[in-house]
A.B. asks: 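Dropping a structure here in C-alpha cells format, bear with me for questions.
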Amino acid sequence: QKEVEQDPGPLSVPEGAIVSLNCTYSNSAFQYFMWYRQYSRKGPELLMYTYSSGNKEDGRFTAQVDKSSKYISLFIRDSQPSDSATYLCASHYGGSQGNLIFGKGTKLSVKP
Amino acid sequence: ETGVTQTPRHLVMGMTNKKSLKCEQHLGHNAMYWYKQSAKKPLELMFVYNFKEQTENNSVPSRFSPECPNSSHLFLHLHTLQPEDSALYLCASSGGTSGHNEQFFGPGTRLTVL
C-alpha cells in the first residue's frame with residue numbers, strides 16, 4: 001500500500017469554480033501535511049502547510065486535514081486560469097529522521 | 001541568482017556516457033536533496049545531505065553517485081544509465097531535515113537517456 005494516495009486526474013474546471021483536491025494517507029504517524037504547486041517546467045513550490053488536524057486558510061486556498069480518516073484536502077475558491085498546475089500533497093513524520101512522502105500529483109486545468 | 005538553481009536544464013545522453021548534474025542553493029540552508037520525478041509516479045527521494053554528510057540513500061542504483069562538497073552545492077554524477085532513468089531530476093534545499101522545514105525546489109534537469 002502506497003503511503004500517500006492521490007488521484008492524478010487530470011481535472012478540468014471552468015474559471016470561478018470551487019476546486020477540491022484530495023489525498024489519503026496510510027501512516028498514522030504523519031504529523032505535517034503540505035500542498036505543493038508545480039507549474040509546467042518548474043519545480044514544486046510550497047503552497048500550504050498544516051500541522052496535525054484542522055483547517056488553514058490563505059486567501060482563496062484552504063487546506064484541511066482529518067487525521068481520524070487520514071484525509072487531506074485542498075480547496076481553491078474562485079479558481080483562476082493562473083491556478084492551472086499540478087498539485088502535490090505530501091506528508092512527514094515530523095522528526096529529524098524520515099522524509100517527505102509525496103502523492104502522484106493532480107493536474108488541474110482552469111479554463112477561462 | 002536566488003533560490004535553488006540547477007544546470008543543465010536539459011540533458012540527452014547515451015547509455016555509455018558520463019555526465020553530471022549541478023545544483024546550487026543561495027538560501028543559506030544546511031540540507032540538500034535529490035529527487036526523481038517520473039510521469040504518473042510520486043516524487044522519489046534519492047539522496048539527502050545534511051551539513052555535507054549523506055544521511056539518506058533511498059536504495060538508489062550505484063550508477064547515480066552524489067557529491068556534496070559544501071552546504072551550497074550538490075552534484076549528481078551519472079554513468080551507464082538506462083532508458084528508464086529518463087526523468088526530471090529535482091534538487092531541493094531546506095534549513096534542516098525536520099518535518100517543519102520547508103523544502104525549496106530548483107527547476108529541475110530534464111534527462112533523456114537514449
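Not measured: the values here are computed from a predicted model. Residue numbers begin at 1 in each chain, while the letters A, B, ... track the order of the sequences.
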A.B. asks: Which pairs pass side-chain hydrogen bond (donor to acceptor under 3.5 Å, both in side chains) with one or both residues in residues 43-53 of chain A, sequence neighbours excluded?
C.D. replies: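 Qualifying pairs: A:Arg37-A:Glu45.
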A.B. asks: Say you draw a straight line from CG of B:Asn101 to NE2 of A:His92; how long is it, rounded to the nearest 0.5 Å?
C.D. replies: 8.0 Å
A.B. asks: At a 4.5 Å cut-off on heavy atoms, which part of A:Pro8 comes close to chain B: side chain, backbone, both, or neither?
C.D. replies: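 Contact with chain B involves no heavy atom of A:Pro8 at all.
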A.B. asks: Starting at CZ of B:Phe105, measure out to CG of A:Leu46 and round the result to the nearest 0.5 Å.
C.D. replies: 9.5 Å
A.B. asks: Do A:Tyr32 and B:Tyr33 share a hydrophobic cluster, counting only Ile, Leu, Val, Met, Phe, Trp and Tyr and linking them when any side-chain heavy atoms are less than 4.5 Å apart?
C.D. replies: yes
A.B. asks: B:Phe104, B:Leu76: one ILVMFWY side-chain cluster at the under-4.5 Å cut-off?
C.D. replies: no
A.B. asks: Which value, rounded to the nearest 0.5 Å, describes the distance between A:Leu100 atom CG and B:Leu45 atom CG?
C.D. replies: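 The CG atom of B:Leu45 is 8.5 Å from CG of A:Leu100, to the nearest 0.5 Å.
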A.B. asks: So for B:Gln103, is it side chain, backbone, both, or neither that comes closer than 4.5 Å to the heavy atoms of chain A?
C.D. replies: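 Looking at B:Gln103, backbone and side chain both touch chain A.
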A.B. asks: Heavy-atom count around B:Lys52 NZ within 6.0 Å, excluding the residue itself: above 12?
C.D. replies: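 At most 12 heavy atoms, drawn from other residues, nucleotides or ligands, come within 6.0 Å of this atom.
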A.B. asks: Check whether B:Val12 and B:Val113 end up in the same hydrophobic cluster, where Ile, Leu, Val, Met, Phe, Trp and Tyr are linked by side-chain heavy atoms less than 4.5 Å apart.
C.D. replies: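 Hydrophobic grouping puts B:Val12 apart from B:Val113.
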A.B. asks: Please list, in residue-number order, every residue in residues 74-85 of chain A that has a heavy atom less than 4.5 Å from any heavy atom of chain B; write 'none' if there are none.
C.D. replies: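 Result: none.
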A.B. asks: Of the backbone (N, CA, C, O) and the side chain (C-beta and beyond), which part of A:Gln38 lies under 4.5 Å from a heavy atom of chain B, both, or neither?
C.D. replies: side chain
A.B. asks: If I measure from the heavy atoms of chain B, does A:Tyr39 come under 4.5 Å with its side chain, its backbone, both, or neither?
C.D. replies: neither
A.B. asks: Non-hydrogen atoms of chain B under 4.5 Å away: do they reach the side chain of A:Ile101, the backbone, both or neither?
C.D. replies: neither
A.B. asks: Where on B:Leu90 is there a heavy atom nearer than 4.5 Å to chain A: the side chain, the backbone, both, or neither?
C.D. replies: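 Contact with chain A involves the side chain of B:Leu90 alone.
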A.B. asks: Heavy-atom distance under 4.5 Å to chain A: side chain of B:Val48, backbone, both or neither?
C.D. replies: side chain
A.B. asks: So what's closer than 4.5 Å to chain B heavy atoms on A:Phe102: side chain, backbone, both or neither?
C.D. replies: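 For A:Phe102, backbone and side chain are both near chain B.
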A.B. asks: Would you say B:Arg110's side chain and A:Arg41's backbone share a donor-acceptor pair under 3.5 angstrom?
C.D. replies: no
A.B. asks: Report whether B:Trp34 and A:Tyr36 are members of the same hydrophobic cluster (ILVMFWY, side-chain heavy atoms less than 4.5 Å apart, transitive linking).
C.D. replies: no
A.B. asks: Hey, quick one: are B:Tyr35 and B:Phe47 part of the same hydrophobic cluster, counting side-chain heavy atoms closer than 4.5 Å, chains of contacts allowed?
C.D. replies: no
